[in-house]
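In what follows, a structure is listed as structure tokens, so that the remarks can point back to it.
Convention: sequence-line order gives letters A, B, ...; per-chain numbering from 1.
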Amino acid sequence: MTPSLTRRLLLASALVLAGFLGATGLALDQAFRNSLDTSRELRMEALLYTLLAAASLEDDGLTVEPPLADARLRTLESGLYARILDTDGNTLWESGSLTGMRWNGDGALPPGAQRWSRARVADDRALVLSYGLEWDDPAVGTGRFTVQLAESLSTRQAELSAYRRGLWGWLVAAAAALLLTQGLIQRWGLSPLRRVANDLDAIRRGQAERLSGSYPLELRPLTQSLNRLLDAERERGKRYRQALADLAHSLKTPLTVLRSRLEADPDHPAPPEALDQIERMDSSLQYHLGRASRAGQSGLAQATAVAPVIHRLLRALPQAAERDLQARVECADAVRFPGPEADLMELLGNLLDNGAKWAQSRLLISAVHPAPELLELSVEDDGPGISPALSEQVLERGVRADQTRPGQGIGLAVVRDLVNDYGGDITIDRSELGGARLRIRLPLHGSALR
Amino acid sequence: MRLLIIEDEPQLSQQLDQRLCAEGYVVDVAADGVTGLHLATDYPVDLAVVDLGLPNLSGLELIRRVRASGNRLPILVLTARHQWQDRVEGLEAGADDYLTKPFRMEELLARINALLRRAAGFAHPTLTAGPLALDTRAKRAAINGEALSLTAFEYRVLEYLMHRPGQTVSKTELTEHLYPDETDRDSNVIEVFVRRLRQKLDPDGSLQPIETLRGLGYALRLGGSGADS
């Protein structure tokens, strides 16, 4: 399935943001590390020279007079250490911080040489600056020495960690803020699309006829085309219905003339097969024209509210007026039929007509959505009921359960066809009122029940 | 009873005209909607039979306009459209009943009879007024259970009065509703028929069923008349 626009945009911007902010973070990290190292080296060099400035040549070699330049040199295990070696690598002097500590490796250097190296000092990894020199003192003589300064790397690591925590914290916060902003912008920017979707849904549910909101420039070609399509569809349906009505009119009026001509003459009774053929033509016309005029379910076919149609049909039901039937309707206002009004009327009209024909005094009509995507219509009566053996047959065209009652046996066949068109099913069983219950279940949008 | 047929198919219209005349109705015929509307609103019509597929003015629109003018004229719709939606729309436009083509003439007659009855407030096809009973299906009258021998015209006068129990019906109204053409109308003839009807209904003068209101007309006054149960 194609991911939604919101999902795509968010995913894309999240990826771009992660890449961009990640690279930024790495670059900043690198720059900070470099500047940290440079400043440390400068600092250590400066300190080395300060130490040399305080150094003096004694008989037993070069020593540094206290007080030492940096307080850390006097503090045990402070992380900053200094010592002076002779040409053989023997320690001539060491700072107070190094008292009793080990400093391995890093032998003496020739005069004038400078070396950066790493070593373990006082059980700690340290950066070491060694500087070889020749000390010339007219009073004492000349000697070659190597001055070494070491600074523990763990302090550098601590500084770097603190910096990184700050850096990445801010970057993550910035990413979150940017994503949130991006989401809000998207929500606002895509809201017209959501509105179109909602409006289309309203059309589908029968609450609107066309897309009537004001939409942004980019969407207008789409919404205008949709409106034109809807109008054209409706207009076409109307014309089609009109054409079918005209056809029915032009075929049935001659049939009427023919029939009354055949029936009118008392001296020459009409041959029964002639009247029978007229009956058959009429019944075929009614069935096939009716079938042709049904819209069935299509993508944007609008839904119809069920309750008003039930009440309108009940008012139009001839038996209801003549026989004073008690009809009870159980149907919430929100119940919808997934097709045009004409189809619902045909469906319910035939069901009600059938119910009213059999009912003694009571009818119960109910319409509910037992599941969100399902419509259930049922019509119950207190008549004799339909036996299970008959229930399959009465849905056939031309089959009447009781030949003595009026009707052409078309009504329930029409119901069955309509139900099939809508992918639903129909069951006939016994009603609590005592008679038959015809129950129809229709899926609301597209998919068939089975 | 005066019926108006609005039907554009000449043969059907003629058949209806003949059959309804034979049943004792006075029949006017219109072949298009505009003429039909004119006749329905400006003429003394008791019931209209309207085809929906009419030229000039559709049957539905005609019914709407008749009702919009406040006319309660009973209207029976004839149509080739058998869809429930058409039926509901026809009845909502103001029609009283609905018959789809091709229909049996007998069914049309029964529906017309029922509509006329219902418009007068009778639920049963046999109208009663005191001891008088009028079987509108068999077109027979009986008093205290004894059949009366009435001519067709006498029956029509009685039927018209029975459909308006207690109301004053002028001679002009009677002639308008019972005679097809204006040229035949003569109120003296009505007086003669009413006198003969009185003698047949009330040979010993004990009932006095038809009251004459001088200068106004006649009224049927018998106990228990009116809309029955």
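Put simply, the side chain of A:R328 does not reach to within 4.5 Å of the side chain of A:L363, judged on heavy atoms. Looking at heavy atoms from C-beta onward, A:V414 lies in side-chain contact with A:E346 at the 4.5 angstrom threshold. Residues A:R259 and A:L275 have side chains in contact (heavy-atom distance under 4.5 Å, counting atoms from C-beta outward). At least one side-chain heavy atom of B:I5 sits less than 4.5 Å from a side-chain heavy atom of B:L20. At least one side-chain heavy atom of A:L347 sits less than 4.5 Å from a side-chain heavy atom of A:L442. Side-chain contact between A:V379 and A:R437 is absent, with no heavy atoms from C-beta onward closer than 4.5 Å.
The residue among A:V309, A:T253, A:L244 with the most heavy atom pairs within less than 4.5 Å of chain B is A:T253. Contact count versus chain B (heavy atoms, under 4.5 Å) is highest, among A:I278, A:L255, A:N350, A:L313, for A:N350. In terms of heavy-atom pairs under 4.5 angstrom with chain A, the leader among B:Q15, B:R81, B:M105 is B:Q15.
B:E173 and B:Y160 are linked by a side-chain donor-acceptor pair at a separation below 3.5 angstrom, with hydrogens and angles left out of the test. B:Y25 and B:D46 share no side-chain donor-acceptor pair at under 3.5 Å. Judged by distance alone, the side chains of B:T41 and B:S69 never bring a donor and an acceptor atom under 3.5 Å apart.
Within residues 47-54 of chain B, the residues that have a heavy atom under 4.5 Å from a heavy atom of chain A are B:D51, B:G53, listed by number.
For B:Q83, the parts lying near chain A are the backbone and the side chain together; criterion is any non-hydrogen pair under 4.5 Å. Interface residue B:E7: only side-chain heavy atoms are found under 4.5 Å from chain A. Proximity to chain A is absent for every atom of B:D96, based on heavy atoms less than 4.5 angstrom apart. If you measure heavy-atom distances from B:R104 to chain A, the contacts under 4.5 Å come from both the backbone and the side chain. Contact of A:R312 with chain B is made through backbone and side chain together, with heavy-atom distances under 4.5 Å. For B:E106, no part lies under 4.5 angstrom from a heavy atom of chain A.
Judged purely by atom type and a 3.5 angstrom limit, A:R239 has no side-chain atom pairing as donor or acceptor with the backbone of A:A243.
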